[in-house]
Amino acid sequence: MKQLFLVLVLMLSANVSFIFAQEEAVEKQIDQIIDQLSLEEKVKMCHAQSKFSSPGVERLGIPEIWMSDGPHGVRAEIEWDSWSYAGWTNDSCTAFPALTALASTFNPTLAHKYGVAVGEEARYRKKDILLGPGVNIYRTPLNGRNFEYMGEDPYLASIMSVPYIQGVQTNGVAACVKHYVLNNQEIWRSHINVQLSDRALHEIYLPAFKADVEQGDVWSVMGAYNKYNGQHTSHHEVLINQILKGDWGFDGVVVTDWGSAHDTKEAALNGLDIEMGTGTDGLTTSKENVYDYYYLAKPFLEMIKNGEIDESVVDDKVRRILRLMYRTNMDKTRPFGKKANAEHFQVAREVAQEGIILLKNSKSFLPINPETKQTIAVIGENATRMMTVGGGSSELKTVHEISPLQGIEERFINANVVHAMGYASGPSQYGRVIPSALNTDSLKKAAIDIAKVADIVLFVGGLNKSHEQDCENGDRKGLNLPFGQDELLADIMAVNKNVAVVLVSGNAVAMPWQSKAKAIVQAWYLGSEAGYALADVLSGDVNPSGKLPFSFPVKLEDNGAHAFDELSYPGDGTDQVYKEDILVGYRWHDTKNIKPLYAFGHGLSYTSFKINNAAVAKNNYKKGDSIQLSVDITNTGKVDGAEVIQVYVHDKESSVMRPIKELKSFEKVSLNAGQSKKVDFSIDVNAFAFYDETQSDWNLESGAYQLLIGTASDKIIKTINIQVE
Ligand code: BGC
């Protein structure tokens with residue numbers, strides 16, 4: 001046994017020294033390349049040559065870098081110099097579920113599968129950087145881009161984004177985690193100056209990026225549009241130089257968001273490596289190459305030439321760019337990737353099935369037995385609307401998209417499925433709203449007519465991917481469902497008591513009709529297999545196991561960001577102050593005692609679970625220890641299912657304000673009907689620290705803590721007292 005251990009240790013250390021030697025060899029090659037490059041060639045590598053590529057060096061055979069959105073699939077090809085689609089016929093993809101759906105699975109293994117699959121498509125399509133994942137924190141339900149992110153909790157976003165990144169990068173494709181940082185609303189995104197405490201920055205908004213760098217080894221990071229403390233985040237002295245590249249040791253490439261560079265000297269000196277998408281200040285009519293006018297192009301070259309900026313600055317950028325290339329397009333061993341295929345659609349379907357959340361289910365209204373002969377009225381525009389189209393840069397051209405109506409029709413063949421739109425929102429638009437020309441009264445009348453005669457109504461509504469819905473470059477105008485859906489639902493519920501509501505959205509909505517709905521399902525934007533996955537859950541073929549990655553407030557003011565004046569949200573047009581500080585999401589609801597409509601971590605199942613015997617190995621710990629916790633869980637119902645055991649910590653005595661609870665661990669457990677399992681957790685005591693502004697560092701205070709074990713942030717079943725010395 002001892003010998004075997006020794007052999008293993010030797011093998012491991014041999015492996016580690018092999019990797020070090022390899023890395024050293026690459027760094028030497030990079031030095032040699034840099035020595036051969038002219039100053040002009042080096043500067044050229046630091047900015048775009050087209051909408052989605054940056055140049056290589058032809059003379060030396062150094063390849064171009066090709067990038068693509070991200071994060072839910074590989075976007076269709078864009079023209080060289082404009083935002084128009086290039087019209088290729090071989091660029092259709094698998095549309096994977098939006099990242100909110102992935103976060104809702106609470107299943108990091110699935111996040112890895114997702115990353116591998118989307119990375120394979122990026123590789124096949126000859127992309128070197130996939131622009132995702134997005135890990136901006138869900139601060140307000142009005143943010144138009146929440147659907148591209150991983151919810152309100154920094155721990156959840158970290159745990160779910162790291163395997164996604166690792167999965168993508170197994171293909172020799174760089175993930176590009178975005179948008180670094182504090183781009184938590186779309187309104188005024190290009191100039192709003194965000195101010196917040198250091199504590200909120202470090203405890204809430206940075207951790208997912210930090211995990212992606214330190215644990216995910218992400219190869220590129222995208223800056224954001226907004227400012228932080230007066231400086232644009234894409235070239236920020238503190239955020240990039242000090243924190244990202246300094247404290248976290250990030251050795252990859254910082255890319256701008258498209259058009260987020262604003263100053264040559266800052267871009268040069270504050271850590272930006274590749275500038276993309278800059279507007280051309282009217283220079284598009286020039287005979288010269290417009291890209292020469294980027295901040296990191298001619299103006300940068302001039303400053304180096306006249307001695308204002310040292311040449312070592314561009315050398316560092318080129319070294320990082322070449323390092324990314326050795327990891328991607330200059331790695332001769334990288335795999336070839338795969339096109340959209342049955343295997344990828346299966347991954348998309350699995351993520352969708354596990355991401356769907358059963359919010360409410362009165363008297364086991366769901367599942368609907370597919371054998372029953374009955375009339376099912378499917379009402380709502382989202383039953384047929386394509387949701388891979390629209391939303392901004394994450395828009396996809398997918399091989400197929402199964403609508404909810406198609407999925408329901410194909411699964412419930414014994415039922416008489418009838419459909420009415422009920423309301424209409426108008427065409428999917430970016431940056432403007434075009435109202436529908438259809439007649440509201442006739443749409444409503446047709447819906448009520450079928451609702452009256454149906455045995456069951458499935459209302460499939462929510463938001464969509466158009467401007468002021470879930471879409472880039474604009475925020476929602478309020479928490480309520482748009483396009484008259486609340487009124488329509490009230491009218492439907494007046495004529496039919498058996499209404500289940502399916503919400504297709506990437507954001508929380510108000511639910512004035514909540515008490516009258518028999519069941520409520522949060523169905524996100526599920527991509528190519530949306531309708532099939534939804535029918536899987538509605539029919540009971542799949543038992544829902546998704547959990548909310550953010551809280552649903554009853555009303556907008558119940559959300560922390562909206563509990564203050566407009567300086568908190570949306571800001572005064574110039575500045576914005578995050579007044580709720582660290583109390584984002586459930587941290588706000590819990591600490592301020594404001595009951596949410598649906599809490600973070602909530603999600604029902606068609607079966608029931610019982611948690612027993614939560615126990616720790618000991619009750620006293622020192623800094624640096626890890627807590628061994630074990631929990632028994634039993635599926636006490638009649639069908640197989642999965643439950644997410646969530647472990648929160650509560651600090652009982654602290655010198656500073658702490659949220660009532662913070663998520664520190666979770667585990668998704670699949671159990672057959674009647675089955676029990678023991679689940680082990682190992683929790684690092686250091687994770688209980690808070691960011692101490694007086695020391696500008698993390699501080700773990702000694703004292704009494706509690707582990708809160710449950711199945712939602714508002715469903716704590718066991719409490720264990722522990723002591724940290
Ligand atoms: C978005 C980024 C995206 C980029 C390229 C920007 O508008 O904010 O997320 O990757 O465009 O399409």
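Both counts, for ligands and for their atoms, begin at 1 and track the order of listing. As the structure is a computational prediction, the values presented were derived from the model and not from experiment. In this chain, numbering begins with 1 at the start of the sequence shown.
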Novice: List every atom of ligand 1 that sits less than 4.0 Å from any heavy atom of Arg75, numbering the atoms from 1 in the order shown and giving each element.
Specialist: 12 (O)
Novice: Is there any N or O on Lys178 that sits under 3.5 Å from an N or O of ligand 1?
Specialist: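 Yes.
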Novice: Please list the nearest protein heavy atom to atom 10 (O) of ligand 1 with its residue and the distance rounded to 0.1 Å.
Specialist: Asp69 OD1, 2.5 Å
Novice: What is the closest protein heavy atom to atom 6 (C) of ligand 1, and at what distance does it sit?
Specialist: Asp257 OD1, 2.9 Å
Novice: Using heavy atoms and a 4.0 Å limit, tell me yes or no: is Met222 in contact with ligand 1?
Specialist: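 Per 4.0 Å heavy-atom rule, Met222 contacts ligand 1.
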Novice: Quick check, are the ring centers of Phe550 and Phe552 under 6.0 angstrom apart?
Specialist: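 Yes, ring centres under 6.0 Å apart.
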Novice: Do any heavy atoms of Glu148 fall under 4.0 Å from ligand 1?
Specialist: no
Novice: Side chain of Gln169, backbone of Ala175: donor and acceptor closer than 3.5 Å?
Specialist: yes
Novice: Quick one: look up the protein heavy atom nearest atom 7 (O) of ligand 1 and list residue, atom name and how far away it is.
Specialist: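 The answer is Glu472 OE2, 2.6 Å.
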Novice: Do you see a donor-acceptor pair shorter than 3.5 Å between the side chains of Trp524 and Ser104?
Specialist: yes
Novice: For the residue pair Tyr578 and Asn184, confirm or rule out a side-chain donor-acceptor distance under 3.5 Å.
Specialist: yes
Novice: Give me the one residue out of Lys51, Lys127, Lys126 that meets salt bridge (Lys or Arg N to Asp or Glu O under 4.0 Å) with Glu77.
Specialist: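 For Glu77, the salt bridge (Lys or Arg N to Asp or Glu O under 4.0 Å) check succeeds only for Lys127.
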Novice: Within the side chain of Asn146, is there an N or O that forms a donor-acceptor pair under 3.5 Å with the backbone of Thr140?
Specialist: yes
